[in-house]
**Q** 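Here's a structure for you.
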Amino acid sequence: MTTQTQTLPRVQSTSPAAIVFAVIAGVLLIGASGLAQASIMHDAAHDQRHAMAFPCH
Amino acid sequence: MFRTVLTSAVFAGLGAGLCAALFQFQFVIPLLLEGELYETGARVHFAVEGSTQSLSQTPPLGTDWARHGMTVAFNFVSYTGFAFLLLAGMSLAALRGHPITPRSGLVWGLCGFLAVQLAPAFGLPPELPGTIAAEVVPRQIWWAGTILASGAGIALIAFGNSLLPLAGAVLIAVPHLVGAPVLDTYFGIAPPELSALFATRSLGAAAVGWTILGYLAGFFHSRLAEEGDAATA
């Protein structure tokens with residue numbers, strides 16, 4: 001029963017909608033942690049931004 | 001399928017973010033705190049008169065747990081965000097017949113490091129606090145543009161046919177030929193040795209984070225997809 005899944009290369013198919021969702025989620029998270037200039041975001045993320053080489057201030 | 005991408009991105013982001021944060025606290029944040037001593041003037045390296053000398057000693061991490069907690073939290077956010085983008089690319093490749101595995105994830109993570117960390121740092125080096133640099137918005141635009149061009153360029157080299165890999169190489173070079181926004185004056189107040197070590201250490205920490213991120217993204221995605229198949233079978 002399991003031989004087929006073990007011998008064939010497994011190709012998982014992700015729906016295009018899930019890919020679009022992942023891109024949007026990624027961009028939003030990076031925007032918040034790396035780019036948002038509101039001072040409360042900037043101060044909280046400051047050390048991480050420097051350590052990750054985001055353009056900080 | 002939403003759940004597989006969402007769960008594997010969050011797990012990989014948490015794992016890589018935690019490892020990157022630990023690495024940063026050991027190797028990067030102490031240099032950052034040392035740089036702040038020059039930013040505030042607590043230490044002076046370039047004396048107006050006399051020799052350029054200063055103490056080479058990192059300050060302790062201290063007990064500002066809120067500040068360090070935020071650093072850990074934002075590492076989670078950043079690496080989870082990167083995991084989503086990485087998994088979007090890996091899923092696109094999977095649609096073209098390239099399975100998602102921990103081993104392929106490792107390659108994706110290394111290429112992510114090249115596109116997101118090394119390529120922008122080629123024009124905008126990681127900066128100690130207190131570094132005077134060009135306006136932040138043009139730098140952010142160049143940074144984001146360089147990541148997009150480098151990521152697209154690497155993808156063209158990896159997946160393109162005939163002349164597309166060549167176009168990919170050109171695309172990677174373009175942001176650097178255009179040039180990052182820079183000032184026409186040096187303002188550095190920290191010792192050059194400290195700035196250099198900070199730059200290499202932060203790139204090294206990012207390389208660790210991205211390598212782990214790619215591996216974990218491939219690991220969790222292949223595990224969860226298998227479980228999903230087993231559940232629906």
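Note on naming: letters A, B, ... go to the chains in the order of the sequence lines (proteins, then strands), and numbering restarts at 1 for each one.
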**Q** Which distance, rounded to the nearest 0.5 Å, do you find between the CE of M70(B) and the CG of D47(A)?
**A**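 Interatomic distance, M70(B) CE to D47(A) CG, rounded to 0.5 Å: 11.5 Å.
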**Q** For Q140(B) versus L35(A), what's the shortest heavy-atom pair and its separation?
**A**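 What the structure gives for the nearest pair is NE2-O, 3.2 Å.
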**Q** Measure the acute angle between the ring planes of F54(A) and W143(B), then classify it against the limits of 30° and 60° as parallel, tilted or perpendicular.
**A**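 Geometry flag for W143(B) against F54(A): perpendicular rings.
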**Q** Looking at CG of L95(B) and CD1 of I19(A), how far apart are the two atoms once the value is rounded to the nearest 0.5 Å?
**A**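 Spacing of CG (L95(B)) from CD1 (I19(A)) equals 4.5 Å.
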**Q** Using every non-hydrogen atom in the two residues, find where S15(A) and F2(B) come nearest and quote the distance to one decimal.
**A**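 Shortest heavy-atom separation between S15(A) and F2(B) comes out as OG-CE1, 4.4 Å.
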**Q** Between chain A and each of P129(B), A83(B), A133(B), count heavy-atom pairs under 4.5 Å; write down the option with the most.
**A**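 The option with the most such pairs is P129(B).
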**Q** Hey, what do you get for CG (L29(A)) to OG (S78(B)), rounding to the nearest 0.5 Å?
**A**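 Atom-to-atom, L29(A):CG and S78(B):OG are 8.5 Å apart.
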**Q** Between F21(A) and L6(B), does the side chain to side chain contact (heavy atoms under 4.5 Å, CB included) criterion hold? Intermediate values first, please.
**A** CA-CA 9 Å; F21(A) 157 76; L6(B) 178 72; 3.8 Å; yes
**Q** Can you establish whether the number of heavy atoms outside R67(B) located under 6.0 Å from its atom CZ is more than 12?
**A**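 More than 12 within 6.0 Å, yes.
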**Q** Could you tell me whether the side chain of Q48(A) reaches within less than 4.5 Å of the side chain of F76(B), counting heavy atoms only?
**A**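 SC-SC contact between F76(B) and Q48(A) ruled out.
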**Q** Out of I29(B), L33(B), L32(B), which one racks up the most heavy-atom pairs below 4.5 Å with chain A?
**A**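 Looking at each option in turn, the highest pair count goes to L32(B).
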**Q** Can you tell me if CZ on F159(B) sees more than 12 non-hydrogen neighbours from other groups inside 6.0 Å?
**A**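 Result for CZ/F159(B): enclosed.
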**Q** Evaluate whether atom CD1 of I40(A) has more than 12 neighbouring non-hydrogen atoms of other residues, nucleotides or ligands under 6.0 angstrom away.
**A**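 Count not over threshold, so no.
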**Q** Could you have a look at G13(B), A134(B), G81(B) and say which one has the most heavy-atom pairs with chain A under 4.5 angstrom?
**A**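 Max contact count across the listed options: G81(B).
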**Q** Where on P120(B) is there a heavy atom nearer than 4.5 Å to chain A: the side chain, the backbone, both, or neither?
**A**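 No part of it gets close to chain A.
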**Q** For S202(B) and A51(A), which heavy atoms make the closest approach, and how far apart are they?
**A**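 So the two residues come closest at CB-O, 3.1 Å.
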**Q** Below 4.5 Å from any heavy atom of chain A, which atoms of E36(B) appear? Answer side chain, backbone, both or neither.
**A**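 For E36(B), the contact with chain A is made by the side chain alone.
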**Q** Sort V27(A) into side chain, backbone, both or neither according to what part of it lies under 4.5 angstrom from a heavy atom of chain B.
**A**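 Contact with chain B is through both the backbone and side chain of V27(A).
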**Q** Is it true that, when you exclude F74(B) itself, more than 12 heavy atoms of the residues, nucleotides or ligands shown sit nearer than 6.0 Å to its CZ?
**A**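 For F74(B), atom CZ is crowded (more than 12 foreign heavy atoms under 6.0 Å).
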**Q** Locate the shortest heavy-atom distance separating A22(A) from V5(B); write the atom from each residue and the value.
**A**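 Smallest heavy-atom distance, with atoms named: CB-CG1, 3.8 Å.
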**Q** For F11(B), does the CZ atom have more than 12 heavy-atom neighbours from other residues, nucleotides or ligands under 6.0 Å away?
**A**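 12 or below, so no.
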**Q** Hey, which of P16(A), A17(A), A32(A) has the most heavy atom pairs under 4.5 Å with chain B?
**A**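 Going by pairs under 4.5 Å, I would pick A17(A).
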**Q** If every non-hydrogen atom of P55(A) is compared with every non-hydrogen atom of V136(B), which pair is closest and at what distance?
**A**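 Heavy atoms only, the tightest pair is O-CG2, 4.0 Å.
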**Q** With a 4.5 angstrom heavy-atom cut-off, could you sort out which part of L87(B) is near chain A: side chain, backbone, both or neither?
**A**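 The answer is neither part of L87(B).
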**Q** When you measure from the side chain of H50(A) to the backbone N and O of E127(B), does any donor-acceptor pair fall under 3.5 Å?
**A**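 A pair under 3.5 Å: yes.
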**Q** Using every non-hydrogen atom in the two residues, find where S33(A) and V77(B) come nearest and quote the distance to one decimal.
**A**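 S33(A) and V77(B) have their closest heavy atoms at CB-CG1, 3.7 Å.
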**Q** CE of M52(A) to OH of Y79(B): how many Å apart, nearest 0.5 Å?
**A**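 Nearest 0.5 Å value for the CE-OH distance: 4.0 Å.
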**Q** Below 4.5 Å from any heavy atom of chain A, which atoms of L203(B) appear? Answer side chain, backbone, both or neither.
**A**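 Contact with chain A is absent: no heavy atom of L203(B) under 4.5 Å.
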**Q** Side chain, backbone, both or neither: which part of V28(B) has an atom under 4.5 Å from a heavy atom of chain A?
**A**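 The side chain, not the backbone.
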